[in-house]
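Values below: all heavy atoms of this structure, side chains included; hydrogens, waters and symmetry mates excluded. These numbers were taken from a predicted model, which means no experiment stands behind them.
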Amino acid sequence: MADADKPRVLILNGAAVDGPGGGLGSGPGVSELLGEHYDVRVVSSTEDAMSALRDGGYRAVFAEVGDYLPMERELVGDRSSLVLNTIGEGVCIVDQAGEMSWSNKRMKTFSDPITDKVKRVCQQAMGIFNAQAGGFAAAGEDGHIQYKSKKSTFESEDRYFEVICSPIIENNDADQVKQVVAVVWDSTNSKRLQSKIDAIDASGRELARLDANELSKLAPPQRLKLLQDKIIKFSKDLMHFDHFNIRLLDRDSRKLEMVISEGLPPEALEIDLYAQPEGNGISGYVGATGRSYICHDTEKDPRYVLGLQHGKSSLTVPLMLFDEVIGVYNIESEQTGAFNEDDRQFAEIFGRYVALALNILDLLVVERYTTSTSITDSVVHEMAEPLADIATNCQGLLDQDNAQASGPLQSILRDVERIRETIKQVQQGPKAVVGSDEGEAEVVDPVIGGKRILVADDESNIRETIKSVLTRRGAEVEICKDGYEACSLLGSTGFDLIVSDIRMPYRNGYEIFAAAQRIKEGTPVLLMTGFGYDPHHSIVRASTEGLAGVLFKPFKVDEFVGEVRKALGAEAD
């Protein structure tokens, strides 16, 4: 076997002497015995042995007992120094005078101002140890003081550092600490990370702090605009982005409806995305799986679809509410690789607050609907008996054949029936239009007459009532039962006014508004919603782009006619 292929051994001093009485006893020398099977190196001093061992690669060491023990101690010290110089933290020993008697390689890389701060921290810790103050020391079982390490933090050169000081205990009666060992590390990144998390937490709490009493004073569009402004502000303050958007999940269709966006090009708003893991972009994947997604390079990621015109990277996180995905929060940057795992964590934390705030608004809408229904039911109950009494008394007087009172009594009975009918309509909530002009003569309205008007609503009684009201005033009315029909009609013929419900199958109110503007910019659009319910924030989005007006169901006929006239250009009365 070639020497290069043999295991290496090291022999020190007398262990190598050949012949009888040499080294390890009578007989052949150790080097001769081992040389047949090992690559043997013989050295004559402990210093040479240590130098050889530092080079490494030796399987065994042969030495006399007297030589081995000093070498072992030096090896342990050498290994300790190796470990201390390899770790990423700075390690040093500081005495009472504030002098650094030893430090590892990492400690030596720190600047003089940082090193001086460490020395001062060590002296302060030493003073605390020796004064046995502040709960840092306690008597042990052997009667000697048992010291606890002291942790400190300081700032220097726009960086944060943490130091743990531990006393070096010497065997003396006074238990005086004369030296401390300090471990020092740069905690800037973790400190800044925690500061960012704290800022996001504070902003999120402010975002979700929606005062019900204050919001109740605002109209639904104002409430939604308030929330949108808050989300945009905090998103800009906390996240680095050139554009962002929020899509909410429609539970029935699984469509991800665009509700809030900043900087998104118009063509991106028209893209229909569904919560499906494939074929619906990154947002569809996140909405379906509930897992966040960092796109480092939009040109190389097959999941990415149209977003920011010059978008180079994106971050998309799910909006989670009680462990359920209710939408997605997406931000984009013009820089490649702009987002990392820290940004993902930030966005997920902020996204939970966004989901909570959106849910609070929905709850307020539900509360308003429930309260209105409860009040209506209460009024109906309270009025039922008095109205019945009036009708009974009037009918009794008529039965007495009092011709003189017949006219007024008949009028009272008609009024009672109208009140009952109105109450019945109000009880239907957002599925009704209060009041009717049936039976009255058809009168062409100079503003409404001759206008082509499209009415879209999935409630047949509402669209038929609205058609009747507008037709009686001279308008030419087309009606449709869903968003798909509405958009199809918009593309086939021109209209002077669009009246559409916000929540319908296939297309929501904003999508119908946007389609009308693409066909003919400036076409007036009125949106209708029940009790202010606007799940896709159509009102806010359309209002910023020229929405003509909003009607909150149930509304009165004369109120509706007034909004139509205003949308068509009539001056306010």
Checklist entry - Would L547 and L527 count as a side-chain contact (heavy atoms from CB on, under 4.5 Å) if you check the C-alpha gap in whole Å, the side-chain angles of each, and the deciding distance to 0.1 Å? => result CA-CA 8 Å; L547 181 67; L527 292 181; 3.7 Å; yes
Flag side-chain contact, heavy atom, 4.5 Å: [X] against [Y]:
X: T529; Y: R503; value: no
X: C480; Y: L454; value: yes
X: L249; Y: R247; value: no
X: V325; Y: M320; value: yes
X: W185; Y: I164; value: yes
X: I502; Y: M528; value: no
X: N330; Y: I282; value: no

Item to check | Neighbour count >12 (heavy atoms, 6.0 Å) for atom NZ, K451 | outcome: yes
Item to check | Within 6.0 angstrom of F154 CZ, more than 12 heavy atoms from elsewhere | outcome: yes
[X] with [Y]: basic N within carboxylate O range, under 4.0 Å:
X: K151; Y: E162; value: yes
X: K566; Y: E563; value: yes
X: E459; Y: R463; value: no
X: D186; Y: R159; value: yes
X: D272; Y: K255; value: yes

Which atom names give the shortest non-hydrogen contact between [X] and [Y], and what distance separates them?
X: V525; Y: Q517; answer: CG2-NE2, 3.9 Å
X: L490; Y: A516; answer: CD1-N, 4.0 Å
X: I87; Y: R106; answer: O-CB, 4.3 Å
X: E257; Y: N508; answer: OE1-ND2, 2.9 Å
X: V550; Y: L526; answer: N-CD2, 4.5 Å
X: V328; Y: V286; answer: CG1-CG1, 3.9 Å

Item to check | Side-chain H-bond candidate by donor/acceptor type, S152 with K150, under 3.5 Å | outcome: yes
Item to check | Pair E332, S313: side-chain N/O donor-acceptor within cut-off below 3.5 Å | outcome: no
To the nearest 0.5 Å, what is the distance between [atom1] ([X]) and [atom2] ([Y])?
X: Y160; Y: S190; atom1: OH; atom2: OG; answer: 11.0 Å
X: L248; Y: L319; atom1: CG; atom2: CG; answer: 7.0 Å
X: R452; Y: L470; atom1: CZ; atom2: CG; answer: 13.0 Å
X: F560; Y: T465; atom1: CZ; atom2: OG1; answer: 10.0 Å

Next on the checklist: Let's go through T316 and Y329 carefully: what are the C-alpha distance in whole Å and the side-chain angles of both, what is the deciding distance for side-chain contact (heavy atoms from CB on, under 4.5 Å) to 0.1 Å, and is it a yes or a no?
Outcome noted: CA-CA 6 Å; T316 309; Y329 175 73; over 6 Å; no
Next on the checklist: What verdict does the side-chain contact (heavy atoms from CB on, under 4.5 Å) test give for V184 and E89, after you've listed the backbone C-alpha separation in whole Å, the side-chain angles of each residue and the deciding distance to 0.1 Å?
Outcome noted: CA-CA 6 Å; V184 186; E89 290 80 15; over 6 Å; no
Checklist entry - Would a line drawn from the ring center of F161 to the ring center of F110 be shorter than 6.0 Å? => result yes
Item to check | Qualifying side chain to side chain donor-acceptor pair (under 3.5 Å) pairs with a residue from residues 273-296, counting only residues at least two apart or across chains | outcome: Y285-R291, S292-E348, Y293-D301
Checklist entry - Can you name the side chain to side chain donor-acceptor pair (under 3.5 Å) partners of S103, sequence neighbours left out? => result K108
Kindly list each side-chain donor-acceptor pair under 3.5 angstrom involving residues 116-127, sequence neighbours excluded, with atom names and distances?
residue : atom : partner : partner atom : Å
K117    : NZ   : E155    : O            : 2.8
Q123    : NE2  : Q96     : O            : 3.2

Next on the checklist: I'd like to know if the side chain of E464 reaches the main chain of S460, judged simply by a donor and an acceptor atom lying under 3.5 Å from each other, with no hydrogens or angles considered.
Outcome noted: no
Item to check | Candidate pair V455 and E478, rule side-chain contact (heavy atoms from CB on, under 4.5 Å), full reasoning | outcome: CA-CA 6 Å; V455 177; E478 292 279 357; over 6 Å; no
